[in-house]
Structure formats: C-alpha cells, structure tokens
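To find a chain, count down the sequence lines: A is the first, B the second, and so on, and within it residues start at 1. All heavy atoms count here, side chains included; hydrogens, waters and symmetry mates do not.
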Number of protein chains: 2
Amino acid sequence: MATLADVAALAGYNKSTVSRALTRPEMVAPDTLARIHDAAKQLGYVLNRTASHLARGRTGLVAFVVPTLENAFFAPIIGGAQARAAASDLHLTVAVATLETPAQVAALTRLAGQVDGLILAAPRGEDAHVAAIGATKPIVLVDREIPGLPSVVADTATAIGQVVSGLAARGHHRIAYLGGPSGSWQDPGRAAAARAAALDAGVTLSVHGPFPATFAAGVSAAEEVLASGATAVVPYATALALGLMLALRGRGLHVPDDIVVSAETQVTDALGAPGIPAIDVDGESLGRAAMDLLTSPSAGTLRLPVRVSWS
Amino acid sequence: MATLADVAALAGYNKSTVSRALTRPEMVAPDTLARIHDAAKQLGYVLNRTASHLARGRTGLVAFVVPTLENAFFAPIIGGAQARAAASDLHLTVAVATLETPAQVAALTRLAGQVDGLILAAPRGEDAHVAAIGATKPIVLVDREIPGLPSVVADTATAIGQVVSGLAARGHHRIAYLGGPSGSWQDPGRAAAARAAALDAGVTLSVHGPFPATFAAGVSAAEEVLASGATAVVPYATALALGLMLALRGRGLHVPDDIVVSAETQVTDALGAPGIPAIDVDGESLGRAAMDLLTSPSAGTLRLPVRVSWS
DNA sequence: ACCGGTTGTGCAACCGGTTGCACCGCCGAC
DNA sequence: GTCGGCGGTGCAACCGGTTGCACAACCGGT
C-alpha cells in the first residue's frame with residue numbers, strides 16, 4: 001500500500017503538502033495540486049482512514065442502535081442512514097439494545113466511546129439514561145423525544161387519529177387499538193390520538209396491549225380482539241397486523257368482510273377490498289434525516305408526516 | 001481521556017510495559033500487573049482502538065453485506081454475527097449490495113479496503129467478482145458456495161425436498177414452487193430438490209418465478225399460482241408466502257382449506273389448521289457460524305440443517 | 001566463582017496522516 | 001527603494017498504542 005510519504009517522494013514535495021493537497025486543495029498551488037494528484041493516481045494511493053482518524057481524534061464510526069432486528073420496520077431506516085453515512089465517509093455499525101437494563105446502558109456507553117455519534121432508534125430506557133449517553137457523544141433519536149436532544153419522529157399519532165376517524169365515518173362503531181411494546185415512546189401518543197378521534201366521532205375504542213411488534217404477538221392478540229367485539233383494528237405495527245390477520249382467518253373470520261385491520265399499503269392492497277386504511281411510514285427518509293441531523297447538528301424535533309390512504 | 005502514558009506515569013512504569021500488561025499479561029511480573037491495573041482503574045483508562053488499530057495494521061471492522069434490508073430474513077443473521085463480533089471486539093458495519101453491477105463491485109472493493117474482513121450474505125454477482133473481493137481480504141459467504149471460499153449455508157434444499165414429499169404424501173397432486181430472486185444461489189438447488197421429490201412421489205410440480213423475496217411479489221404471484229391449479233405452494237421466502245396468502249384470500253380462497261402455503265412455524269401456527277408444512281432456518285446460528293469462520297478461518301462449506309415440521 | 005539462560009523492563013522506532021509554526025519569495029504600497 | 005503582507009511549502013511534533021531489541025538482574029548448574 002502506498003502511503004503519503006510515497007506520494008510525496010514521487011511528486012517531489014513534503015508529506016504535509018500532499019496531505020493538504022488531498023484534504024484542503026485550496027491551500028495549494030494549482031500545478032502542485034496537479035503533480036500530486038498524478039503521483040497519487042500513479043501509485044494508486046488511498047487514504048488510510050485509521051491513521052487519519054487517529055490524527056484527527058475521530059473514528060469515522062456511527063452506531064445505529066435498534067431495540068430489535070426482528071421488526072422489519074427498522075430495516076429501511078437503517079438503509080437510509082447507511083446511504084447518508086456512506087456519502088459522508090462514515091461507517092454505520094448496527095447494535096441491538098433497548099436501553100431498558102443497566103447492563104444495556106453500560107454496553108452502549110462502552111460502544112459510545114468507540115464511535116463519533118449514535119443514532120438511537122426507538123430506545124425504551126428512561127430519559128435520564130438516554131440523555132446520559134447523549135452527554136458523551138452527539139446523538140440523534142428516532143421515534144422518541146427527549147427534551148434537549150435532537151430527534152426525528154414519524155408522526156404516526158396524527159395518522160392513527162385519521163384512521164380512527166375514517167373508520168368511524170365508514171360505519172365502524174367498535175374499534176380496537178393494538179398497542180406496541182411496553183416502553184415504546186410512540187405508543188401512548190398513538191393511543192391518545194386514537195382515543196381522541198374515537199371520542200370525537202362518538203364511537204367506542206378499546207385499547208389492548210402492550211404487545212411486542214412481532215408476528216407472533218399479532219397472533220396471540222386475536223382472542224382479545226374478538227372478545228372486544230371490534231369490527232376494525234388498528235395495530236401498532238405491520239408485523240402485528242399480519243399475525244392478527246392470519247390468526248383471525250385461522251378462527252374462521254374473513255378479513256376485511258368480518259373485520260378490518262389496518263396495515264401498510266402493501267398489505268392492504270393485497271386484500272383487494274375497499275375500505276381498508278393503510279398507514280405508510282417512509283423509513284428511509286427517517287434514516288436519512290437522522291443521519292443529517294447527526295452530521296449537521298441542530299436541536300429540536302423533526303416531525304415527518306405519515307401517509308394515510310384507503311384501499 | 002487517560003492514555004497509556006498517563007497510566008505508565010502513575011504506575012511508575014514505561015508505556016511499553018503497560019501496553020504488555022494490558023495485552024499480554026503473561027509477559028509481565030504479577031505485582032507489576034497489579035500496580036498497573038490499579039493505576040488504570042484509578043484513571044479510568046480505556047484503550048484507544050484507533051491507535052491500537054493503526055499500530056497493528058488492522059481496523060477492527062467487519063462488513064456484513066446483504067443484498068437487501070427489506071427481507072427480514074437477514075435480520076437474525078446480522079444479529080448472530082453482531083453478537084459474535086462484539087465478543088471479539090469487532091464492529092460490524094452493514095452494507096447493502098448484491099454485487100450484480102460493476103458499480104456495486106467497485107463500491108464493495110472500496111469498502112473492503114477499510115475493513116478486516118467481510119461476510120457476504122447471499123451475494124448475487126458472478127463467482128469471479130465475489131472471488132476477487134475474497135482475494136483481498138478474509139471473506140465468508142452465507143447461503144452461497146464458491147469453490148475455494150469458506151461459506152456457511154442453510155440446507156434449505158433438503159428441507160424443501162422433504163416438504164414436497166410430505167405434501168405429496170398428504171394427497172397433494174399439484175404443487176407449486178415459487179422461486180426466489182433472479183441470481184439467488186440457493187434457488188436452483190431448492191427448485192431441483194423440489195423437482196426430484198415431486199418426481200419421486202409421482203406428483204406434478206410447477207416452478208414459478210423468479211420473484212424478489214418481498215411481500216409485494218408474493219401478492220403478484222397469486223394469479224400465476226391459481227392458474228397452475230396447485231393445491232399446495234412452497235415459496236422461496238416467508239415474505240413471499242405472506243403476500244401470497246393474503247392475496248389468495250383477497251381472491252376468495254381459503255388458506256389452508258383451498259390451498260396450502262408453506263412458511264415459517266410462526267406463520268403456520270397462526271393458521272391453526274393441520275397439515276401445513278413449516279420450514280425454519282436458524283438465522284442467528286448462520287450469523288454466528290459465519291463470524292466464527294471469519295475469525296478462525298478454514299476453507300470449505302459448513303452446512304446447517306433446516307427444520308421442517310407440520311402443523 | 002563463572003556461565004548460559006531466563007525473566008522482566010526500558011528505549012526508541014514505528015504505524016500513516018495532520019497541523020502549528022517558521023520561512024522564503026514575490027507582490028503592491030508608500 | 002524599502003517594507004508589510006500574503007501565498008506556498010517544509011519541518012517537526014503529535015495522535016496513542018505496539019513491538020524489536022538491548023540490557024540488567026537473577027536463576028540453577030558445574
């Protein structure tokens with residue numbers, strides 16, 4: 001591997017000039033620049049990030065922390081962040097932690113020492129624990145707000161309110177809301193929005209949960225949903241919706257004729273029936289926004305709209 | 001941040017001795033070790049990985065490359081690899097690439113220059129392209145075999161053969177196999193196993209595809225499946241199965257009364273009906289095995305069994 | 001008492017860039 | 001014709017560990 005010194009020798013300049021030519025071209029005379037670029041190309045020089053990072057006191061790593069990898073919801077978010085990270089010459093390292101236990105907080109604190117910044121997606125620990133990590137390193141929250149920390153959240157509460165109103169308008173009198181994992185920051189807001197919309201429309205809303213955002217939990221929720229007598233269900237997550245749909249069908253009910261379940265457009269489209277609400281979060285945008293917030297910091301919350309549509 | 005030099009000063013030793021005490025304790029006298037550990041603890045010393053990596057000529061990074069993040073199939077694999085990586089003090093950085101285009105190969109080659117090793121999950125590029133990356137850095141393949149490269153694959157072909165046989169034994173005469181993404185290495189083996197089992201049992205097998213491993217593709221496959229007249233379907237991936245199931249139900253068919261679709265246990269359980277085959281791949285084990293293969297190299301393929309069960 | 005062999009520690013070079021500061025030459029201004 | 005200023009470059013220290021080599025002390029054996 002060619003080093004800066006090699007390039008310098010070939011071009012007839014000093015290491016430092018070469019370094020400047022490569023990182024701050026405006027500090028160097030044009031023809032010097034050209035000669036150095038030539039030499040670099042000729043030698044196939046590529047920057048040694050490790051050395052660069054050591055000298056600069058940075059690591060070039062950003063940790064993306066998710067509560068779980070089982071929930072496909074986070075995949076596009078990671079994808080979006082990853083794309084932006086690559087554009088800034090950063091690496092994204094993925095870690096799994098909810099921040100609910102001291103051990104997890106400790107592990108994440110250790111990890112924080114090895115990265116330039118963290119993106120915490122839907123962390124479930126206490127404000128103070130999360131903030132403590134934010135005190136050490138730049139940090140951005142996704143789908144969670146903590147005063148003083150920058151964050152980007154999908155405005156699903158509003159969306160869910162719209163869904164409940166729409167369902168009521170379509171004649172549903174009993175609606176069920178299936179809550180997310182305990183500790184979820186989004187959940188209370190969604191439940192509240194659902195309640196408010198139901199109250200407003202004069203329909204009954206039953207709130208169930210908490211449930212992990214998994215297919216299996218959706219299956220296990222079927223019983224409770226049936227008992228509630230609801231004709232429409234608004235689950236916290238797509239995985240939950242899918243599990244519920246299949247379990248309902250396993251009990252002989254027809255979705256959506258007997259009971260309507262909201263999900264993503266992708267899923268509601270498949271059913272090919274009208275009147276099913278779809279809630280679509282643009283995960284990639286969330287991820288990109290989070291990464292952008294990390295690289296060009298600014299406090300406050302960025303609230304991204306969520307699309308609601310009806311099949 | 002305390003440095004080695006600080007610890008050395010406090011403990012009354014030289015940097016080098018401290019370094020050795022921390023990395024190769026057996027080279028240092030017991031009481032020296034104790035004093036150094038004391039000093040380190042007192043100062044809250046933690047190793048600067050960047051400096052360490054520079055001196056050692058390594059980066060401590062392993063790239064985990066997946067063809068897509070949309071498919072939840074890779075999540076547990078990443079999780080498993082991540083867990084093992086953490087145990088070896090390595091960071092996992094996730095990248096998305098199929099290796100099908102020169103641009104992707106180039107991007108991955110660049111990435112390869114910044115990591116200590118790569119795990120390529122289900123890469124879809126040509127053998128030569130993949131092997132070229134393997135020539136630069138240690139590499140492990142997941143769900144793909146290329147002569148000369150270490151790999152770990154889930155033996156889904158065998159599982160699919162069992163499923164087809166079992167379906168035939170349960171009275172299905174027309175069975176459909178839904179293929180995976182074009183370029184998938186696993187797909188031909190699975191299709192072949194399905195064909196062999198069908199031939200063996202004297203039933204008809206129709207092979208469809210290629211399909212991306214997504215929910216939407218499953219939906220779009222419904223038409224073709226219906227046209228085939230199959231009473232049982234074996235899809236390449238769970239997402240495909242779910243999409244298919246919902247689309248079939250959207251067309252008024254009952255799963256599994258009218259048509260049986262294989263999936264993961266999780267999904268088949270939800271249906272609460274007997275006679276549905278389930279195929280379960282232990283993703284975490286795959287990931288762990290891949291990481292282990294990377295850290296303690298050995299050529300050849302590690303073939304992990306896949307569980308088949310019937311609801 | 002002498003010697004070859006451990007064992008434990010220090011010295012200093014090194015990994016490969018980055019950057020503050022000094023220096024040189026050339027410019028326009030007075 | 002001098003002088004301040006500035007663009008361009010080199011020098012060397014530095015980031016924080018790692019490691020080859022030298023060396024001193026101490027071991028048991030003869």
Side-chain angles (χ1 to χ4, degrees), chain A residues 1-61 89-91 110 113-116 137, chain B residues 1-61 89-91 110 113-116 137:
Chain A
M1 279 288 82
T3 73
L4 256 199
D6 298 333
V7 177
L10 179 60
Y13 288 91
N14 187 281
K15 280 196 336 176
S16 55
T17 303
V18 177
S19 174
R20 285 189 275 255
L22 267 32
T23 57
R24 286 200 294 272
E26 73 282 2
M27 289 188 64
V28 155
D31 58 333
T32 302
L33 204 56
R35 266 196 281 280
I36 288 179
H37 276 144
D38 274 2
K41 180 164 304 171
Q42 200 172 318
L43 266 48
Y45 171 79
V46 329
L47 175 70
N48 180 324
R49 314 251 159 213
T50 309
S52 172
H53 291 324
L54 175 59
R56 296 189 126 123
R58 309 190 315 95
T59 68
L61 261 185
D89 252 344
L90 290 169
H91 281 294
R110 199 167 340 114
Q114 304 179 38
V115 300
D116 290 338
K137 290 283 165 110
Chain B
M1 276 292 81
T3 73
L4 256 199
D6 299 333
V7 177
L10 180 60
Y13 289 91
N14 187 280
K15 281 198 335 176
S16 55
T17 302
V18 176
S19 174
R20 285 190 273 255
L22 267 31
T23 57
R24 286 200 293 271
E26 74 281 2
M27 288 188 65
V28 154
D31 58 333
T32 302
L33 202 56
R35 267 196 282 278
I36 288 179
H37 275 144
D38 274 3
K41 179 165 301 171
Q42 200 172 320
L43 265 48
Y45 170 78
V46 329
L47 176 70
N48 180 324
R49 314 246 159 219
T50 310
S52 174
H53 290 325
L54 175 58
R56 298 188 124 123
R58 311 190 312 98
T59 68
L61 262 185
D89 252 343
L90 291 168
H91 281 295
R110 199 166 340 112
Q114 303 178 39
V115 300
D116 290 340
K137 291 280 165 118

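Whole-Å rounding puts the A:N48 CG to D:dC15 P distance at 18 Å. Atoms CG (A:L4) and C1' (C:dC14) sit 16 Å apart, rounded to a whole Å. The separation between A:R56 atom CZ and C:dG17 atom P is 12 Å, rounded to whole Å. Taking atom CE of B:M1 as the reference point, atom C1' of D:dC15 lies 15 Å away to the nearest angstrom.
Side chain of A:K137 to main chain of A:V115: a donor-acceptor pair is present (N/O by atom type, distance under 3.5 Å, no hydrogens or angles). Checking side-chain atoms of B:T32 against main-chain N and O of B:V28 turns up no donor-acceptor pair under 3.5 Å. Under the 3.5 Å distance criterion, the side-chain polar atoms of A:D116 are matched with a main-chain donor or acceptor of A:G60.
Residues from residues 6-21 of chain A that place a heavy atom under 4.0 Å from any atom of DNA chain C, listed by number: A:K15, A:S16, A:S19, A:R20. Contacts of residues 23-41 of chain A with DNA chain C (heavy atom under 4.0 Å): A:T23, A:R24.
A:A11 and A:R35 get closest at one heavy-atom pair: CB-O, 4.2 Å. The shortest heavy-atom contact between B:K15 and B:A8 is N-CB, 3.6 Å. Among all heavy-atom pairs drawn from B:L54 and A:N48, the shortest one is CD1-ND2, 4.5 Å.
We find the CD1-CG distance between A:I36 and A:L10 to be 10.5 Å, quoted to the nearest 0.5 Å. Taken from CD in A:Q42 to CG in A:D6, the straight-line distance is 12.0 Å, to the nearest 0.5 Å. One finds the CG atom of B:L4 at 7.0 Å from the CG atom of B:L22 (value rounded to the nearest 0.5 Å). Here the straight-line distance linking atom CZ of B:R49 with atom OG1 of B:T59 works out to 12.5 Å at 0.5 Å rounding.
Consecutive Watson-Crick or G-U pairing (both distances under 3.5 Å) extending over three or more pairs maps onto DNA chain D as C:1-30 with D:1-30.
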